[in-house]
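Let me begin by presenting the structure, written as structure tokens, before commenting on it.
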Amino acid sequence: QVQLQESGPGLVKPSQTLSLTCTVSGGSITSINYYWKWIRQPPGKGLEWLGTIDYIGNTYYSPSLKGRTSISRDTSQNQFTLRLTSVTPEDTAVYFCVRDPRLYGSTGYRARPDNLRGQGTQVTVSS
């Protein structure tokens, strides 16, 4: 059974860089059948796609983050990592990592029965 688990700091100061890691168990991030994505949900708002890394390490990012996002991976640890620079309080959200079937495309996200999401981690940006 595949599981995804997010980890990282719960509190980040404004202007700092947020770094979150998703550890995948029971399946490989090098599988051609899936995209590996980061999404978030700010308080009182809907889900927002942040970026994607594919089975060979290609990356895709939401233009709304204005170049502040990067995603990398460590295949030896079966992990992928989100970095978000120059954070502001508007980046406060619950952050999720997602395994999305390839047929749904490399960009965007919509909750579907056959995609898999971690439990999420709360990140608060505050001084």
Side-chain angles (χ1 to χ4, degrees):
Q1 181 178 358
V2 179
Q3 293 184 317
L4 287 74
Q5 179 66 59
E6 304 89 351
S7 60
L11 180 64
V12 184
K13 289 182 170 26
S15 80
Q16 290 187 340
T17 295
L18 166 66
S19 182
L20 296 174
T21 294
C22 183
T23 300
V24 180
S25 59
S28 174
I29 63 171
T30 61
S31 169
I32 194 173
N33 296 314
Y34 300 102
Y35 288 111
W36 304 90
K37 299 180 175 180
W38 284 99
I39 61 173
R40 68 182 181 183
Q41 185 165 27
K45 297 185 180 179
L47 293 167
E48 176 186 13
W49 171 71
L50 304 178
T52 301
I53 189 163
D54 74 8
Y55 72 106
I56 53 173
N58 294 318
T59 52
Y60 313 84
Y61 301 116
S62 170
S64 68
L65 275 298
K66 297 181 172 58
R68 297 193 293 128
T69 315
S70 64
I71 299 176
S72 61
R73 65 179 188 164
D74 183 341
T75 56
S76 68
Q77 299 294 320
N78 215 34
Q79 296 175 330
F80 61 105
T81 297
L82 169 74
R83 286 172 53 87
L84 183 64
T85 62
S86 304
V87 297
T88 72
E90 285 68 40
D91 293 309
T92 294
V94 179
Y95 286 74
F96 301 90
C97 55
V98 174
R99 187 191 74 170
D100 211 11
R102 190 170 184 83
L103 66 94
Y104 298 132
S106 58
T107 61
Y109 171 81
R110 193 170 73 185
R112 296 180 174 93
D114 57 348
N115 55 30
L116 186 63
R117 206 162 73 179
Q119 65 182 21
T121 187
Q122 171 70 46
V123 175
T124 300
V125 180
S126 175
S127 56

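Sequence positions, counted from 1, serve as the residue numbers for this chain.
- The closest donor-acceptor contact from the side chain of N78 to the backbone of S25 lies at 3.5 Å or more, if one exists at all.
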Exercise. Can you check side-chain contact (heavy atoms from CB on, under 4.5 Å) on L11 and S126, steps first, answer last?
Worked result: CA-CA 7 Å; L11 180 64; S126 175; 4.1 Å; yes
Exercise. Hey, mind stepping through R68 and T85 against side-chain contact (heavy atoms from CB on, under 4.5 Å) and telling me if it holds?
Worked result: CA-CA 5 Å; R68 297 193 293 128; T85 62; 3.6 Å; yes
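- Of all non-hydrogen atoms in T30 and Y55, the two that sit nearest each other are O-CB, 3.5 Å.
- Results of the side-chain hydrogen bond (donor to acceptor under 3.5 Å, both in side chains) test with Q79 over T21, D74, T23 single out T23 as the only residue that passes.
- Proximity of P101 to N115: side-chain heavy atoms (C-beta onward) are separated by under 4.5 Å at one or more points.
- From K37, atom NZ reaches atom SG of C97 across 13.0 Å, with rounding to the nearest 0.5 Å.
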Just list the side-chain donor-acceptor pairs under 3.5 Å for residues 105-113, sequence neighbours left out, or say none.
none

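- Applying the salt bridge (Lys or Arg N to Asp or Glu O under 4.0 Å) test to R40 and every residue at least two apart in sequence or in another chain returns E48, D91.
- Cluster partners of V125, using a side-chain heavy-atom cutoff of under 4.5 Å among ILVMFWY residues and allowing indirect links, are V2, L4, V12, L18, L20, V24, I29, Y34, W36, W38, L50, I53, Y61, L65, I71, F80, L82, L84, V87, Y95, L116, V123.
- Between S19 and P9, the shortest heavy-atom distance links the atoms O-CD, 3.4 Å.
- The minimum heavy-atom distance between E6 and Q119, with the atom names listed, is OE1-N, 3.4 Å.
- When all heavy atoms of R117 and L47 are compared, the pair lying nearest together is NH1-CD1, 3.3 Å.
- For A93 against P43, the heavy-atom pair with the smallest separation is CA-CD, 4.4 Å.
- The line from OG1 of T52 to CD1 of I39 is 10.5 Å long, rounded to the nearest 0.5 Å.
- Closest approach of S64 and S62 over heavy atoms only: OG-OG, 2.8 Å.
- When the shell of 6.0 Å around CZ of R83 is examined, it contains 12 or fewer heavy atoms from other residues, nucleotides or ligands.
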